[in-house]
Asker: 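I have a structure here, written as structure tokens, and I will follow up with some questions on it.
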Amino acid sequence: MGSGALESGVLIEVSAGRIASLQAGSAPGDAVVLDGLVIPGLANAHSHAFHRALRGATQLGGGTFWTWRETMYRVAAALTPDEYLELARAVYAEMALAGITCVGEFHYLHHAPGGVAYDDPNAMGEALIEAAAQAGIRITLLDTCYLSSGFGAPPDETQLRFSDGSGEAWAERVSGLKERDHARVGAAVHSVRAVPADQLGVVGAWAAQRHAPIHAHVSEQPAENEGCLAAYGVTPTRLLADHGLLGPRTTAVHATHLTPQDIALLGGSATTVCMCPTTERDLADGIGPAREVQAAGSPLSLGSDSQAVIDLFEEARAMELNERLRTRRRGHWTADALLRAATADGHASLGWPEAGTLKVGALADLVTISLDSVRTAGSLSSVRTAGSLGSVRSAGPLDSPRAAGPPHGPETAVFAATSADVSDVVAGGRVIVRRGIHQLVPDVAGALRQALARVAS
Ligand SMILES: [Zn+2]
């Protein structure tokens, strides 16, 4: 199957968590039948799990990005490793229900209140890795260096929990994290506000030594650009470039307020740009130049970031629809291109290049979108998709006598479906969601309710 091709009745054999073969037009036999449109697992390339506690609450009374951040800090101030495990397990289970098979967790809540190290200095990161295991998904823990409150200012009370004191101390702590089958470790620079220029190279060198991904929030707010220009005389993108941090292993998150030179630097270095449209619109950040950075050479990925919603179909279509509003022109990306950002390019930005495509040798991550929900019915009337461990079938309309009109599978997925239409999810060959029910966390809403009540108390 070529990329973007829609085929009917595909038997997918899985061995050791990977796709062993794909055969179109096969009989399902005793395979698990996946009824609907089957796409690769989705990669949520930018997440802060604990922000889930802010959903709804931060919509009261307006406010700004900076007042939103104060509310977020109140949640951050209270979390313990046990509470974080319970909360993140529920949030990652919500992601699994939405078809997300890998999360990039941009993790900066490292230490106990006051900045005191836990007995295991990586207790919070370990809680996130364990939470992903319990929810059945993979994680790239993007352990985040966070040292200052602003350009030259020391961390405030809450930020003491984020800070290791120096780049070297950050590197020493992060080196203690062990990778597992479902977990890889990457680096992050919180932002040029939070990491002084003379520490950027330490983080970059740590990641380079390990060929690990490195992510950074870049130019989400104009105030960050102004502060950076005042402190260093260059833009945040230029500062990262000057310290060797841009390149194919790097992801710039948001990249909302860029100069033409910034766009050339990001594209020319093949740095991925991660757009988080539902968060960017929630926080009134603005619309980043996704079209321009991609044209300049940057792959695109997508993230739920603040968890205002967890729905990568919504992130994907929002990127296109934002661009339509900005330019008053349609058709900036095809549905296939938008899905590629949500799958293959997202996984690659998290250091899992073997995931996010339906081909032999790839990790067997499969997401089935129901095509008989009120949102999707009629778009691909003939699809009978089948799947299982040992075999998975995915199907298009071409072999069906009921087929009417051209198939619109990817278009339906991106422009009409929501995360609620995800019926089955296979991660690494293991069925983690079956007919809308999480197989490891059967009551995800209950788990969220319980975890959030504990955080609020
Ligand atoms: Zn973020």
Side-chain angles (χ1 to χ4, degrees), residues 43-55 58 64-73 75-76 79 84 87-88 91-92 95 100 102-110 124-125 128 139-150 158-159 161-162 186-195 203 213-225 236-237 240 245 250-258 266 271-288 290 300-312 314-315 318-319 341 346 349-350:
N44 185 2
H46 188 69
S47 158
H48 309 282
F50 78 91
H51 291 192
R52 177 64 177 78
L54 305 170
R55 187 180 294 176
T58 54
T64 66
F65 172 91
W66 306 102
T67 59
W68 170 89
R69 194 178 73 155
E70 282 165 29
T71 313
M72 184 265 282
Y73 278 9
V75 176
L79 272 179
Y84 208 4
L87 176 58
V91 174
Y92 294 161
M95 290 184 191
I100 291 161
C102 185
V103 62
E105 180 67 30
F106 197 105
H107 165 57
Y108 52 83
L109 192 49
H110 302 305
M124 292 296 252
L128 292 162
I139 183 170
T140 296
L141 188 74
L142 298 161
D143 195 294
T144 305
C145 186
Y146 195 123
L147 304 173
S148 59
S149 176
T158 306
Q159 292 163 345
R161 297 197 69 178
F162 311 162
V189 165
H190 179 276
S191 58
V192 296
R193 285 180 278 123
V195 179
V203 184
I214 178 165
H215 288 219
H217 291 127
V218 177
S219 295
E220 182 177 6
Q221 292 287 324
E224 175 180 305
N225 290 356
T237 298
L240 294 174
L245 262 62
T250 302
T251 296
V253 181
H254 303 303
T256 312
H257 302 282
L258 301 183
L266 292 169
T271 297
T272 296
V273 171
C274 180
M275 306 298 288
C276 308
T278 68
T279 293
E280 288 148 8
R281 72 194 186 198
D282 182 37
L283 295 177
D285 290 342
I287 301 170
L300 298 173
S301 62
L302 296 162
S304 66
D305 190 7
S306 68
Q307 330 295 5
V309 297
I310 294 175
D311 186 337
L312 283 196
E314 176 62 25
E315 302 294 345
M319 188 162 72
S349 81
L350 296 176

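In listed order, ligands and their atoms are each counted from 1. Fair warning: this is a prediction, and the values are worked out from it, not measured in the lab.
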Asker: Are any non-hydrogen side-chain atoms of F162 and L109 less than 4.5 angstrom apart?
Answerer: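 Touching, per the 4.5 Å side-chain cut-off.
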Asker: Measuring centre to centre across the rings, with the benzene-like ring taken for any Trp, is Y146 within less than 6.0 Å of H110?
Answerer: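 No: the rings miss the under 6.0 Å criterion.
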Asker: Side-chain contact test, heavy atoms from C-beta onward, threshold under 4.5 Å: evaluate it for T278 versus S306 and give yes or no.
Answerer: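 Counting from C-beta outward, T278 and S306 never come under 4.5 Å.
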Asker: Tell me the protein N, O or S atoms under 2.8 Å from the Zn ion (ligand 1), in chain and number order.
Answerer: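 Listed by chain and number, the atoms are H46 NE2, H48 NE2, H217 NE2, D305 OD1.
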Asker: Evaluate the side-chain proximity of E280 to M319: yes if any heavy-atom separation is below 4.5 Å, no if none is.
Answerer: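 Sidechains of E280 and M319: no contact.
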Asker: Has the side chain of S148 got a donor or acceptor atom that lies under 3.5 Å from a matching backbone atom of R193?
Answerer: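 At least one qualifying donor-acceptor pair exists.
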Asker: If the condition is ring pair (Phe, Tyr, Trp, His ring centres under 6.0 Å), which residues does H215 pass it with, not counting sequence neighbours?
Answerer: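 In terms of ring pair (Phe, Tyr, Trp, His ring centres under 6.0 Å), with neighbours along the sequence ignored, H215 is linked to no residue.
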